[in-house]
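The block underneath contains the structure these notes are about, expressed in structure tokens.
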Number of protein chains: 2
Amino acid sequence: MTGQVRTVDGRVAGRRGQETRQKLLDCLREMLSTSPYRDVKVIDVARMAGTSPATFYQYFPDVEGAVLEIAEEMAEDSGGLKELVDGKSWAGKTGFTTSEELVDGFLAFWRKNDAILRVVTLGAAEGDKRFFKIRMKVLNSVAAPLTEAVRNNQGKTDKTVEAPAVAGALVSLLAAAAEHGKAFTSWGVKVKDLKPNLALQVYLGVTGKKPPK
Amino acid sequence: MTGQVRTVDGRVAGRRGQETRQKLLDCLREMLSTSPYRDVKVIDVARMAGTSPATFYQYFPDVEGAVLEIAEEMAEDSGGLKELVDGKSWAGKTGFTTSEELVDGFLAFWRKNDAILRVVTLGAAEGDKRFFKIRMKVLNSVAAPLTEAVRNNQGKTDKTVEAPAVAGALVSLLAAAAEHGKAFTSWGVKVKDLKPNLALQVYLGVTGKKPPK
DNA sequence: ACTTGTCCTGTCATGTCGTCAGCTTACAGC
DNA sequence: GCTGTAAGCTGACGACATGACAGGACAAGT
């Protein structure tokens, strides 16, 4: 799909080149999770990868370009989140389990891609269309199947509910919790209570009913 | 409270100095709303303010230091958000109006301080305690009185509801909507429907009941 | 060993960062 | 008005990041 990997000046990268490129991406990822985005410098990434800045510029136009690469990879990976909702039942106790597993999976994914998602979120907020698109791809991998779930469940009881809006709000809440979990604990939500609380919100949003005890 | 304004090397700033300092802050604020945070350079801010980079470093340790200054100013300003909830009624139609006005006021505040809040949010997500504290101050100016509102209303009908958690979730949702409004429209929520939808969510969260028609 | 095309780096011009000595300006005390 | 002192500002500088290029190193096939 992506075609061949190419250098900035148009050459096709071979085996060795791709390895170097990948190492640079890995080091950048590492860098992003240990330093503020603003302070990530090409020279540091290159040093960590045991190569020179010039090599970095062979494969990427700049730091942002490389970040986009990582972000796109992550967005591909996010497709797996669909399985947390697709084909799951929302009835009774099983439904609440579905909700719990969704919350669990989503938070795990976010934590795993913590650093890159921070940058993507910033870029999207700053109005960069490329980052916005990537962020939407991640959120939609949950929001889309969740919209169906809302339509099939809550829809039965209340026709006035706009399924995409509800699903969007729920996903936004999950993203907020994942990104700023500390805020919730400082509001007195105990760490171990965060997931159950979110699961409850999701269950309520999807079914429009309180969960069975 | 803040004592006297001082330069980095400890001198107290006089009238002219404070003017220069303020002009630098204003230009930085402007800069933040027109360029990506990563690309905001001291030299550009100084140029825009008609002064030299060296002058900038007289008043601020670095860009981040100046940003913190702006952010703290904004956090002070956020105290006014309390009035959107404090002493308001949540009963019947009046209650829904309260909810609408809260949503309106919150979104307006966020839009007004768009650029700086983006940076604060990033800093908080990156684990910087100073930015986290500022972000909490802004969110709490709504979350705190909202917690009381939840306790006084929903609390009556359902003792199991954790008021701070509900208020926190609502504020998080508002922040997400403010920061990533475009995401909601791309989920098919019409621009004019966003505020009513949020108002509905808030009303539901606080009272636990559907609003009167 | 030679050729070919990929891969990497030394080096350079440009520009930013952050600091400092030193010049200019404001002002209080006489 | 004169002078001393502190505030205010900048030119200049060393250190470092950026981005481009030419050319050397390397692997693979002949």
Side-chain angles (χ1 to χ4, degrees), chain A residues 2-32 34-70 119 123, chain B residues 2-28 30-32 34-70 119 123 128:
Chain A
T2 50
Q4 273 184 313
V5 177
R6 288 183 176 275
T7 57
V8 169
D9 54 336
R11 283 202 316 280
V12 287
R15 185 189 57 81
R16 193 154 69 106
Q18 296 210 17
E19 274 175 21
T20 305
R21 204 182 116 101
Q22 194 55 51
K23 193 189 289 188
L24 284 168
L25 285 177
D26 292 343
C27 290
L28 173 55
R29 202 196 300 266
E30 165 82 17
M31 213 79 201
L32 283 174
T34 54
S35 340
Y37 179 46
R38 199 167 195 285
D39 299 338
V40 171
K41 304 291 178 194
V42 169
I43 196 167
D44 297 322
V45 177
R47 228 181 333 241
M48 185 184 286
T51 178
S52 80
T55 301
F56 182 95
Y57 288 107
Q58 284 242 318
Y59 297 105
F60 310 104
D62 49 24
V63 172
E64 201 185 65
V67 164
L68 267 169
E69 193 87 7
I70 297 177
V119 180
Chain B
T2 50
Q4 274 182 313
V5 178
R6 288 182 175 275
T7 57
V8 168
D9 53 336
R11 285 202 313 282
V12 286
R15 186 189 55 80
R16 193 154 70 106
Q18 296 209 17
E19 274 175 20
T20 305
R21 204 182 116 101
Q22 193 55 51
K23 192 188 289 188
L24 283 168
L25 285 177
D26 292 343
C27 291
L28 174 55
E30 165 83 15
M31 214 77 199
L32 283 174
T34 55
S35 335
Y37 179 46
R38 198 168 197 284
D39 298 338
V40 170
K41 306 289 179 194
V42 169
I43 197 170
D44 296 322
V45 176
R47 238 193 311 256
M48 184 183 285
T51 178
S52 80
T55 302
F56 182 95
Y57 287 108
Q58 284 246 317
Y59 296 105
F60 310 103
D62 50 23
V63 171
E64 203 185 63
V67 164
L68 268 170
E69 193 87 6
I70 297 177
V119 180
D128 187 309

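Proteins come first, then strands; the chains are lettered A, B, ... in the order of their sequence lines, and each starts at number 1. What you see is a predicted model, and the numbers here were worked out from it, not measured in a lab.
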- Can you tell me how far CG of A/Asp39 sits from CG of B/Asp62, rounded to the nearest 0.5 angstrom? 8.5 Å
- Query: Choosing from C/dT9, D/dA17, D/dG8, which nucleotide comes nearest the side chain of B/Tyr59?
  - Reply: D/dG8
- Between C/dT16 (P) and B/Asp39 (CG): distance, integer Å: 12 Å
- Query: For B/Thr20 and D/dG8, is the shortest distance between a side-chain N/O and OP1 or OP2 below 4.0 Å?
  - Reply: no
- Check whether any side-chain heavy atom of B/Gln22 sits under 4.5 Å from a side-chain heavy atom of B/Tyr59, and report yes or no. no
- How many Å lie between CG on B/Leu24 and P on D/dG8, as a whole number? 13 Å
- Position toward the 5' end of DNA chain C (nearest nucleotide), B/Ile43 or A/Ser52: A/Ser52
- Task: Consider the side chain of B/Thr51, meaning its heavy atoms from C-beta on, and name the nucleotide among D/dG19, D/dC9, D/dT10 that approaches it most closely.
- Result: D/dT10
- Message: With side chain to side chain contact (heavy atoms under 4.5 Å, CB included) as the criterion, how do B/Leu25 and B/Phe60 come out once you've worked through the C-alpha distance, each side chain's angles and the decisive distance to 0.1 Å?
- Response: CA-CA 10 Å; B/Leu25 285 177; B/Phe60 310 103; 3.6 Å; yes
- Item | Length of the CD-P vector between B/Glu64 and C/dG18, whole Å | 11 Å
- Message: Quick check for you: among C/dT16, D/dA20, C/dT19, whose closest atom lies nearest to any side-chain atom of A/Ala54?
- Response: D/dA20
- Side chain of A/Tyr57: nearest nucleotide among C/dC17, D/dG19, C/dT9? D/dG19
- Any Lys/Arg nitrogen of B/Arg38 or A/Glu64 sitting under 4.0 Å from an Asp/Glu carboxylate oxygen of the other? no
- Message: Rounded to whole Å, how long is the line connecting atom NZ of B/Lys41 with atom C1' of D/dA17?
- Response: 9 Å
- Message: In this structure, how many angstroms lie between the P atom of C/dC8 and the CZ atom of A/Arg21, rounded?
- Response: 12 Å
- Looking only at side-chain N and O atoms, does B/Thr55 come under 4.0 Å of OP1 or OP2 in D/dC9? no
Would you list the atom pairs, donor with acceptor, under 3.5 Å between side chains in residues 41-49 of chain A and any protein atom, with sequence neighbours excluded?
unit_1: A/Asp44; atom_1: OD1; unit_2: A/Arg47; atom_2: NH2; d: 3.3

- Task: Please state how far atom CZ in A/Phe56 lies from atom P in D/dC16, giving the value in whole angstrom units.
- Result: 20 Å
- DNA chain C: 5'-proximal contact among B/Arg47 and A/Pro53 (nearest heavy atom): A/Pro53
- Message: Rounded to whole Å, please give me the gap between CD in A/Gln18 and P in C/dC8.
- Response: 11 Å
- Message: In this structure, how many angstroms lie between the P atom of D/dT10 and the CD atom of B/Gln58, rounded?
- Response: 10 Å
